[in-house]
Amino acid sequence: MKETNKIEVVKGDGGDQVVTKEELVGLKNEVMEICRDSSKSIHDRRREADDTRFCRWSNQTADGLKHSNLSGGHEAFPFEGASDSRVRLTDMIINEREKILVASAMRADVGVQGLEGNDLEMGARMTTVLKWVTNNALGPKYRRELKKIAQWQEGDVPAGAVMGVYWNDESALENKVLSLEDIGMMLYAQLAEGGNKELSKEVFFNELRILIENEGEEPRLSDMLREISPHLSDRRIKKIIKELRKGGSAVYPSPYIKTQSPTICAHRLFEDIYFPSNTSELKNARAVFIREWLTEAQVRERSYTHGYSQEYIKKVLEQEGETGFPEYSQSEFTGEWSTEKLRGSSQYEYKGMYEQITAYTRSVNDDGVPGIYYTCFNYNVDIPAKEKVLLDYAHGEYPFVWFGRETLTSRLWDSRSVSELGMGSQKMLKILWDSYLDHTTLTTIPPITVPKSRPNQKLEMGPLKQIKENRPGEIKFMEMPKYPSTNDKAQPLLLKQVNEYFGRSDDLVQPALTQLHMQDMVDSFLSNLKEVLHMVLQLCQQYMPDEALARISGAEDGIPVVRERSEIQGKFDLVMSFDSKDLDMEYVMKKAEIIGKFILPIDTLSTIQRDKLVQKLFAGLDPSLASATIQPVQNANMKEAMEEQINFTKIATGVEPPMQEEGQNHQLRLQTLNQIAQANPEAVNRLPEDSKQILQARLDHLNHMIEQQTVNKQYGRLGAVPALQGK
């Protein structure tokens, strides 16, 4: 009978529980298997791909030329000072693709839509919350993490990375001077929460004073203080009691919530995050391991912030620089492959640092009900940091999203990077470029032929130097062969192949192919980012305080979002879109021109929402400027209505407002004037004759402009002249 995997089951009903020795061993065995599997197919691929991208090879020099190193047994070829150029083709492609992906993410249209008809207002509020998170709560970190995930997706081996999405409740301590009454109220509230509600406040304070005055009751008083402040050390508690006895007040380290917001973190595979080699979907992974390197202060801090035991912390601090993820070497002996553990360089790279591993597992209880659990441990320590904890995120998934460059097989590990795919082309391009530079060097200063009978003759080359020869023409420059024409043709053909494969913009590559590649790359990236933002939104729904949500979303009528688990898992749909062609400014200008000349004139029924059209086109030209200058439709309408009311006041005094043909909502302005006449007819009747003529001319102008924009835009532009123009 097959033995049950200890990391995939929990006892009883599940929930938080003690980590058994077998479970801890099972997690460590899983770590070892991942490291062994990666030695077979990953580490050599990654090392070679990194060497290609960063142009690293043996016997390099800073000047980009080849030099002999006779002491090291290396002789420059084909000659001393020959070209040894660094052709950064794959690095350039990776950086280009990273910039396209980040630009598309920053410029994409993001919105939250309710799944039911009555969820429209709620969706608009959550859109506001999401924008606040990306612009304010995450701020610059949002762009920084996107850049990292895009770089690793395109250039790493395997070609992919993981974005972690977490809720960050960061606490801090501040020293407060509290009186005996203040501390007494905290203790009394603790007793009341514990169910002791019969004890009156007066009796409790009398007993508290007795405890403080009686030194023999110090252990009991210490236990009471420890219940309300488990973060306090025994030394700090004794100091507080001493200060209370002496002066009736004490310095009390009071915890407060410093940050309550979602956060994201890009994790690099085999550096920050590990999962089994046969994982096809991250959400179904057997286990996911997050590795952190912490300072001693950070390790000790987790006693308060994460609940790590003091015994565990003491043992971890004995493991400076030690890692549970070493590299393994793979070798073949008598037809069989074997792996051997190598002593990694972590002790030198992470001097003064301590490794911390958090294992996320999808485990089931005795009834087969699954849950996401996490266990904190150190590979070289025989006890866990604390008990196994059931992750209480209401979405019920791993807090991770996979970003892969391609889907080649069912395994996530098989995704290939740009460096791997472009490796051969970059090497060939380097050969061609080095041959060109070497030929230029040889033809500029070619070898000199001298008589065989005068081998020791010394030649001094330079302007106006004299070189003596016995017979004319016996000393001369060697005639060098012409540069091969095939090499001239090979380089553009090679670049054309590379550009076609990766869909780069080039005169020799069909624009449709370039657009197809770019849009597919952007759509895949935004699809993954959509999952990230959806998780962010779900965490905000679950954890963000009501007052913060109301303040951000502008809701004043109760809780602005849903809170139930079922609603968090399926109440809203997040929409994220971007047209990669919008990165081409000429395309955006052409699109705006076509819409303005051909689309809007035939929209006689005003079916186009022009405010959204303006916002979309403006964002394509300059997203930052559009965000800073475009105001909501309601605000714009209110402003125009107020301006037209002021215009009516000017007309009443005989001043004629200017008749503008562009940049105004003529329909709204006409409606405003008509409403004034309907609400107060006497206001129009009392107008002087000149003012009535001005008002009529303005009404004719507004009616004509409405007609031009709907029915007959191609016929005439001037429908009315100012009433006072001829006077």
Side-chain angles (χ1 to χ4, degrees), residues 16 137 167-261 263 294-317 354 356 376 385-387 389 392 543-552:
D16 301 353
W167 182 260
N168 182 26
D169 270 331
E170 185 178 351
S171 300
L173 292 175
E174 60 178 348
N175 286 329
K176 290 184 177 180
V177 179
L178 299 181
S179 65
L180 176 61
E181 288 72 18
D182 295 331
I183 295 178
M185 288 300 298
M186 295 168 61
L187 291 170
Y188 184 74
Q190 179 73 16
L191 289 174
E193 290 180 4
N196 192 355
K197 299 181 179 180
E198 298 179 357
L199 183 64
S200 68
K201 188 181 298 183
E202 183 179 355
V203 173
F204 172 76
F205 271 89
N206 289 334
E207 291 184 359
L208 180 61
R209 292 187 182 92
I210 294 174
L211 289 176
I212 292 175
E213 293 172 358
N214 189 352
E215 294 185 4
E217 296 289 346
E218 186 169 316
R220 182 183 170 191
L221 183 59
S222 298
D223 291 340
M224 294 174 64
L225 290 173
R226 194 173 289 108
E227 286 184 7
I228 63 170
S229 303
H231 64 281
L232 296 181
S233 64
D234 293 341
R235 182 179 178 182
R236 170 63 68 177
I237 290 176
K238 289 181 179 180
K239 186 177 180 180
I240 290 174
I241 295 174
K242 183 179 179 180
E243 290 177 354
L244 287 174
R245 285 177 181 155
K246 184 177 180 179
S249 62
V251 176
Y252 176 81
S254 176
Y256 70 95
I257 297 176
K258 182 180 178 181
T259 303
Q260 277 188 311
S261 65
T263 186
L294 308 176
T295 63
E296 180 177 348
Q298 289 174 316
V299 173
R300 294 187 182 278
E301 179 186 358
R302 294 206 170 186
S303 171
Y304 169 67
T305 59
H306 291 63
Y308 289 5
S309 70
Q310 291 296 334
E311 182 184 3
Y312 172 79
I313 290 175
K314 181 180 179 181
K315 291 188 175 185
V316 168
L317 293 178
Y354 305 88
Q356 177 59 42
C376 305
K386 59 178 184 179
E387 63 184 3
V389 180
D392 61 352
Y543 293 111
M544 188 171 282
D546 295 341
E547 58 274 12
L549 282 169
R551 174 176 54 84
I552 295 168

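Considering CD of E296 and CD1 of I313, their distance stands at 10.5 Å, rounded to 0.5 Å. With values rounded to the nearest 0.5 angstrom, M185 atom CE is found 9.0 Å from D182 atom CG. The CG atom of L294 sits 10.0 Å away from the CG atom of L317 when rounded to the nearest 0.5 Å. Here the CZ-CD1 distance, from R236 to I241, works out to 12.5 Å after rounding to the nearest 0.5 Å. Rounding to the nearest 0.5 Å gives a distance of 11.5 Å between OG of S309 and NZ of K314.
Residue D16 comes nearest to V389 through the heavy atom pair OD1-CA, 3.4 Å, listed as atom of the first residue, atom of the second, then distance. Shortest non-hydrogen contact noted between R245 and I212 is NE-O, 2.5 Å.
Side chains of K238 and E218 form a contact here, defined as non-hydrogen atoms less than 4.5 Å apart. Considering only heavy atoms from C-beta on, Q260 comes within 4.5 Å of W167 through its side chain. Counting only heavy atoms from C-beta outward, the side chains of T295 and V299 never approach each other to under 4.5 Å. Within the 4.5 Å cutoff, the side chain of K315 has heavy atoms near those of the E311 side chain. A 4.5 Å side-chain heavy-atom check between Y312 and R302 finds every atom pair outside the cut-off.
Side-chain polar atoms of E243 and S249 form no donor-acceptor pair below 3.5 angstrom. Y543 and N168 share no donor-acceptor pair across their side chains, judged by distance under 3.5 Å alone.
Not a single side chain to side chain donor-acceptor pair (under 3.5 Å) links E387 to another residue, sequence neighbours left out. For R209, the side-chain contact (heavy atoms from CB on, under 4.5 Å) partners at least two apart in sequence or on another chain are L180, E181, F205, N206. Not counting sequence neighbours, Y354 has no partner by the ring-ring contact (aromatic ring centres under 6.0 Å, His included) test.
K386 contributes a side-chain N or O that, together with a main-chain N or O of H306, makes up a donor-acceptor pair within less than 3.5 Å. Between the N214 side chain and the L211 main chain, no donor and acceptor come within less than 3.5 Å of each other.
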